[in-house]
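For reference, the structure is listed below as structure tokens.
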Protein chains: 2
Amino acid sequence: MCFNVSYRLTDMKKQIKMSYLLEKIAGRLKQARESKGLSQRALAQLTGVPQSHLSKIESGVVDIRLSSLVAISRTLELELELVPKQALPAVQALIRSVEKPDKNGDQPRYVMWSAKSAYQLEGDDDD
Amino acid sequence: MCFNVSYRLTDMKKQIKMSYLLEKIAGRLKQARESKGLSQRALAQLTGVPQSHLSKIESGVVDIRLSSLVAISRTLELELELVPKQALPAVQALIRSVEKPDKNGDQPRYVMWSAKSAYQLEGDDDD
DNA sequence: CGATATGATACGTTAAAGCACATCACACAA
DNA sequence: TTGTGTGATGTGCTTTAACGTATCATATCG
């Protein structure tokens with residue numbers, strides 16, 4: 001009989017990871033949570049999303065709904081944006097510079113970009 | 001009896017819209033599609049997402065999954081980013097400047113930001 | 001050593017996304 | 001007028017996110 005065959009299939013399905021881009025998002029969430037010193041259970045309290053589900057999300061094994069992503073992002077002080085490919089390098093440079101521990105304090109910062117590349121002036125490019 | 005009562009409820013449910021943030025995303029998708037001169041049916045061809053569903057997505061009546069959002073975004077040449085609240089004004093200024101029809105051509109552009117506000121130098125601020 | 005906190009995993013159930021397909025109303029042009 | 005393209009809406013069905021709850025292995029600390 002083949003009962004346990006289908007059981008095994010279900011089991012394997014649970015461990016399949018999502019595509020690269022979705023995993024990137026998942027990684028960003030995990031990183032943001034940890035940088036805030038929150039455990040999955042603590043974040044679960046704040047968002048209402050159970051810890052078991054947060055674990056799946058961060059592991060990239062589930063294809064979450066937009067409302068879930070927004071709920072989690074909001075408590076992590078992140079916002080979802082659809083960035084035109086054209087502006088992507090500049091946006092990413094900008095995000096990187098903000099995520100760095102505050103060298104440059106609250107001094108004004110600058111990004112210059114043109115076509116496909118972006119440069120930070122006042123540059124601390126040490127990653 | 002109350003049979004048609006539950007039927008009515010189902011009908012109403014279909015028209016409930018999502019929260020502001022989700023609608024913002026939906027609007028961005030619609031705007032991006034139209035700016036590319038694509039009909040919903042054409043986009044359906046490119047993405048594999050049926051037109052009926054695209055309509056629901058753009059109307060903001062469904063809570064789409066991340067994979068759907070990524071699929072649509074990719075063919076519209078948009079990328080999903082999680083932006084720290086801190087960097088949001090600058091990022092949005094940047095996106096706005098790119099979405100404008102190319103005055104300034106491919107000349108270098110600049111964004112300066114500090115704390116919560118962002119300023120475009122080389123400014124064409126006409127919206 | 002036990003106690004506690006953490007992340008990962010599993011299971012049963014429910015609600016809803018997603019699909020294929022079919023209309024429908026409203027344009028606008030031949 | 002008729003035809004054609006568009007977006008919106010409905011229906012039945014399958015898949016699966018999301019929840020609640022529980023368990024497990026692994027740390028770290030008393």
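Just so we're on the same page: letters track the sequence lines, and every chain starts at 1.
- Of the candidates D:dC19, C:dA17, D:dA8, D:dC19 carries the atom nearest the A:Pro50 side chain, counting heavy atoms from C-beta on.
- Atoms CG (B:Leu66) and C1' (D:dT16) sit 15 Å apart, rounded to a whole Å.
- Side chains of B:Leu43 and B:Leu76 form a contact here, defined as non-hydrogen atoms less than 4.5 Å apart.
- Between B:Lys36 and B:Glu77 there is a salt bridge, with a side-chain nitrogen of the basic residue lying less than 4.0 Å from a carboxylate oxygen of the acidic one.
- The interatomic distance linking B:Gln51 (CD) with C:dC19 (P) rounds to 13 Å, in whole Å.
- Using a 4.0 Å heavy-atom criterion, one finds that B:Ile64 contacts the sugar-phosphate atoms exclusively.
- With hydrogens and angles ignored, a donor-acceptor pair under 3.5 angstrom links the side chain of A:Arg41 to the base of C:dG7.
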- B:Glu81 and A:Lys24: salt bridge (Lys or Arg N to Asp or Glu O under 4.0 Å), yes or no, with the steps? CA-CA 10 Å; B:Glu81 277 295 332; A:Lys24 200 194 77 175; 3.0 Å; yes
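- Per the geometry, NZ belonging to B:Lys56 stands 9 Å off C1' belonging to C:dC19, to the nearest Å.
- For the OP1/OP2 pair of D:dG7 and a distance below 4.0 Å, the side-chain nitrogens and oxygens of B:Arg33 include at least one atom meeting the criterion.
- For B:Glu34, the CD atom counts as densely surrounded, since its 6.0 Å shell holds more than 12 non-hydrogen atoms of other residues, nucleotides or ligands.
- When side chains are defined from C-beta on, A:Arg65 does not count as touching A:Leu69, because their heavy atoms never get closer than 4.5 Å.
- Each end of the helix from C:dC1-D:dG30 to C:dA30-D:dT1 yields a helix axis from five base pairs, and these two axes differ in direction by 30° (to the nearest 10 degrees).
- One interatomic measurement links the two molecules: CD1 of B:Ile57 to P of D:dG7, which rounds to 14 Å at whole-angstrom precision.
- A donor-acceptor pair is defined here as one N or O able to donate and one able to accept, closer than 3.5 Å; such a pair exists between the side chain of B:Ser59 and the backbone of B:Ser55.
- Side-chain proximity of B:Ser55 to D:dT9, C:dT6, D:dC19: nearest is D:dT9.
- OP1 or OP2 of C:dG7 has not a single side-chain nitrogen or oxygen of A:Ser52 nearer than 4.0 Å.
- One interatomic measurement links the two molecules: CD of A:Gln45 to P of D:dC19, which rounds to 14 Å at whole-angstrom precision.
- With distances taken from any side-chain atom of B:His53 to the nucleotides C:dC19, D:dT16, D:dA8, the minimum falls on C:dC19.
- Side-chain N/O atoms of A:Ser68 include one lying less than 4.0 angstrom from OP1 or OP2 on D:dA18.
- Using a distance-only test at 3.5 Å, with no hydrogens or angles considered, a donor-acceptor pair links the side chain of A:Thr47 to the main chain of A:Val49.
- In this entry the distance linking CZ of B:Arg65 with P of C:dG18 reads 5 Å, nearest Å.
- When the nucleotides D:dA17, C:dG7, D:dT9 are ranked by their closest atom to the side chain of A:Ser39, C:dG7 comes out on top.
- Regarding A:Leu43, its CG atom lies at a distance of 10 Å from the P atom of C:dG7, rounded to whole Å.
- Per the geometry, CG belonging to B:Leu22 stands 14 Å off P belonging to C:dA16, to the nearest Å.
- Nucleic acid contact class of A:Glu58 (heavy atoms, under 4.0 Å, all strands): none.
- Between the side chain of B:Gln40 and the base of D:dA8, no donor-acceptor pair under 3.5 Å is found.
- With sequence neighbours excluded, the residues that form a side-chain contact (heavy atoms from CB on, under 4.5 Å) with A:Glu58 are A:Lys30, A:Arg33, A:Gln40.
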